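Reading through the structure tokens given below for one structure.
Given the structure is predicted, the values throughout are model-derived calculations rather than measurements. What's counted below: heavy atoms across the whole structure, side chains too, no hydrogens, waters or symmetry copies. Position 1 is the first residue of the sequence; numbering continues from there.
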Amino acid sequence: LVDMTGNHTITASLDYETDGTFTFSDSSDYATVTGDIATIKGDITMSGWVNLGSRNGPHQTILAQSLTYRNGMALMSAYHGHGPAVWISNSDGTGDTLVTAGSSNVIENAGITHVAATRNSSNGHLRLYVNGAVVSSGTGVTGNLYNTTSVAQIGREYHSSGYGHNGPIYNILAYN
């Protein structure tokens, strides 16, 4: 794991393989990231290259901006019976907005896939991309996201640690 900015502290709990790679295979496989990645509250883009195996829970999270339920933004490779999804909190943590790729865009066992989401804070517009194509969009909360923590997680759900990503996560970007 490499922080390309040098501004974060990464702590990993992963299964290392004999070939030098590591896997996300259950809820105990994740990395926490402290620093400004978790505190972006306005416009935000999240992106990740993943290879999702069979689901081990209803949500498969690539990157969650917070450890706390109804905080920040989360990029998921699967959401219940749907494919990838993006979830954001509202301005006070009492609600949320979810945009899913739908059941026709399921990426389980489909090989390496690029999943990305963008959020425009001035109009609340969310866009969800799979392999560069917009697969879904919606309007969520305008203004700043509600986020009370400064710790993000890679490979594990923000509100239930039982929802771990199952498969490799090759590259993650988050920026405003």
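Using a 3.5 Å distance cut-off with no hydrogens or angles, the side chains of D43 and S121 do pair a donor with an acceptor.
For A101 against V135, the heavy-atom pair with the smallest separation is CB-CG2, 3.6 Å. In terms of heavy-atom proximity, A85 sits nearest to Y79 at CB-CB, 3.7 Å. Taking every heavy atom of both residues into account, S137 and H125 meet most closely at CB-NE2, 3.7 Å. Nearest heavy-atom pair, H82 versus G102, reported as atom, atom and distance to 0.1 Å: ND1-CA, 3.3 Å. Among all heavy-atom pairs drawn from P84 and L128, the shortest one is O-CD2, 3.3 Å. Considering every non-hydrogen atom in both L63 and A152, the closest pair reads CD1-CB, 4.3 Å.
Interatomic distance, CG of D96 versus OG of S89, reported as 8.5 Å (0.5 Å rounding). Of the inter-residue distances, the one linking N120 atom CG with T139 atom OG1 reads 10.0 Å to the nearest 0.5 angstrom. Rounding to the nearest 0.5 Å places CD1 of I44 at 10.5 Å from CG of L126. For the atom pair NZ of K41 and CG of L145, the computed distance is 8.5 Å after rounding to the nearest 0.5 Å.
You'll find the side chain of I112 reaches within 4.5 Å of the side chain of Y170, heavy atoms only. Residues L98 and M76 are in side-chain contact: their nearest non-hydrogen atoms beyond the backbone lie under 4.5 Å apart. Taking 4.5 Å as the limit, some side-chain heavy atom of S77 sits within range of a side-chain heavy atom of H165. Within the 4.5 Å cutoff, side-chain heavy atoms of T113 are placed close to those of V130. Side-chain contact between T118 and Y129 is present, with heavy atoms from C-beta onward closer than 4.5 Å. Two residues are said to be in side-chain contact when any heavy atoms from C-beta on lie closer than 4.5 Å; I154 and V33 meet this criterion. Counting heavy atoms from C-beta outward, M46 and V86 have side chains that stay 4.5 Å or more apart. Here the side chains of I107 and V115 are in contact, with some heavy-atom distance below 4.5 Å.
Between the side chain of R119 and the main chain of G42, a donor-acceptor pair closer than 3.5 Å is present. Side chain of Q65 to backbone of G72: no donor-acceptor contact under 3.5 angstrom is found. Formation of a donor-acceptor pair under 3.5 Å by the N166 side chain with backbone atoms of S54 is found in this model. A donor-acceptor pair is defined here as one N or O able to donate and one able to accept, closer than 3.5 Å; such a pair exists between the side chain of S136 and the backbone of T100. Proximity of a side-chain donor or acceptor of T61 to a complementary backbone N or O of H59 within less than 3.5 Å is not detected.
Under the 4.5 Å side-chain heavy-atom criterion for grouping Ile, Leu, Val, Met, Phe, Trp and Tyr, I62 is not connected to V106 through any hydrophobic cluster.
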Please step through side chain to side chain contact (heavy atoms under 4.5 Å, CB included) for the pair I10 and T32, ending with a clear verdict.
CA-CA 6 Å; I10 300 173; T32 57; over 6 Å; no

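Residue Y175 is found in a hydrophobic cluster whose other members, listed by chain and number, are L173; membership requires side-chain heavy atoms under 4.5 Å apart, directly or through intermediates.
Among residues at least two apart or in separate chains, ring pair (Phe, Tyr, Trp, His ring centres under 6.0 Å) pairs with a member in residues 31-56 are W49-H114.
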